[in-house]
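As the structure is a computational prediction, the values presented were derived from the model and not from experiment.
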Amino acid sequence: MVRDVRILNTGSLLELSRALRAAGGENIRQSMHRRIRRAAEPLRDDLQAKMRGLDIRSQGRRTRRGGASPNGRPFRETLAGAIRISVRTGSNPGATVWVDPSRLPPDMKNVPGELNKGRLRHPVFGNRSRWVNQYATPSWWDGTVRQGTPRMEREVARILDDIRRRLE
């Protein structure tokens, strides 16, 4: 699983970042930061929606879909809430959409990657002598990223052109 999505046209972004710093355009820089974040938001929202609607099936005898969480954490919502955006406009400018492991409980840190592979193996209610497999649609992250990245790249290129025109 690709852990994060980075939109880095380093040549253009780095050149533009230096020009902004030289021009002292803090307002323009803040605007660029905000607009790049907005360009990444649809991809983050798509990933969160995909996680919230992800069909996770059990290998068990019952066909019912889930139930109340035994530990009080809604599983899909917890995972969706860990998907974040980072925007940098300094020496390594760009935008990153990623799963923040610090926003996940310790026992769930590898779950997004395992679900992306299509199979999650875990103990039944913490009983480490009884394990089960649950299956999800493989590549939920990769497929969504492949669909959303071109739109994000086009938007960032448009933002860079606008900022470049404002500096000239």
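No side-chain donor-acceptor contact under 3.5 Å links Asp100 to the backbone of Ala82. The backbone N or O of Ala80 sits less than 3.5 Å from a side-chain atom of Gln48, completing a donor-acceptor pair. Side-chain atoms of Lys109 come within 3.5 Å of backbone N or O of Pro101 as a donor-acceptor pair. Under a 3.5 Å cut-off, the side chain of Arg84 and the backbone N or O of Val99 do not form any donor-acceptor pair. One N or O on the side chain of Arg76 and one on the backbone of Leu54 form a donor-acceptor pair closer than 3.5 Å.
Using modelled atom types and a 3.5 Å distance limit, the side chains of Thr96 and Arg88 yield a donor-acceptor pair.
You'll find the side chain of Leu115 reaches within 4.5 Å of the side chain of Met51, heavy atoms only. At least one side-chain heavy atom of Glu41 sits less than 4.5 Å from a side-chain heavy atom of Arg38. The shortest side-chain heavy-atom distance between Tyr135 and Ser58 does not fall under the 4.5 Å cut-off. Ser139 is listed as a side-chain neighbour of Asn116, based on a closest heavy-atom distance under 4.5 Å. The shortest side-chain heavy-atom distance between His122 and Asn133 does not fall under the 4.5 Å cut-off. You'll find the side chain of Arg151 reaches within 4.5 Å of the side chain of Pro42, heavy atoms only.
When all heavy atoms of Pro123 and Arg128 are compared, the pair lying nearest together is CG-NH1, 3.6 Å. Between Trp98 and Ser86, the shortest heavy-atom distance links the atoms NE1-OG, 2.9 Å.
If you take CE on Met108 and CG on Leu120, they are separated by 9.0 Å, rounding to the nearest 0.5 Å. Here Lys50 contributes atom NZ and Ile83 contributes atom CD1; the two are 12.0 Å apart, rounded to the nearest 0.5 Å. For the atom pair Ile85 CD1 and Arg37 CZ, the distance stands at 5.5 Å (nearest 0.5 Å). How far CE of Met152 is from CD1 of Ile36: 9.0 Å, rounded to the nearest 0.5 Å. Once rounded to the nearest 0.5 Å, the distance linking CZ of Arg57 with CG of Asp55 reads 5.0 Å.
Trp141 is connected to Ile56 through a chain of hydrophobic side-chain contacts under 4.5 Å among Ile, Leu, Val, Met, Phe, Trp and Tyr, so both are in one cluster.
The side-chain contact (heavy atoms from CB on, under 4.5 Å) test with Arg146 singles out one residue from Thr144, Thr149, Asp142, and that residue is Asp142.
Legend: residues meeting side-chain contact (heavy atoms from CB on, under 4.5 Å) with Asp162, ordered by chain and number and at least two apart, are Arg35, Arg158, Arg165.
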(request) Would you check, one step at a time, whether the test salt bridge (Lys or Arg N to Asp or Glu O under 4.0 Å) holds for Arg121 with Glu114? (result) CA-CA 8 Å; Arg121 183 171 165 77; Glu114 294 302 312; over 6 Å; no
(message) Applying side-chain contact (heavy atoms from CB on, under 4.5 Å) to Gln134 and Arg119, what does each step give before you reach the verdict?
(response) CA-CA 6 Å; Gln134 287 187 293; Arg119 180 180 139 212; over 6 Å; no
(message) Assess the residue pair Thr78 and Leu104 against the criterion (side-chain contact (heavy atoms from CB on, under 4.5 Å)); give the C-alpha distance rounded to whole Å, side-chain angles, the decisive distance to 0.1 Å, and a yes or no.
(response) CA-CA 7 Å; Thr78 301; Leu104 291 172; 4.2 Å; yes
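For Arg44 and Asp46, the salt-bridge test fails: no basic side-chain N is under 4.0 Å from an acidic carboxylate O.
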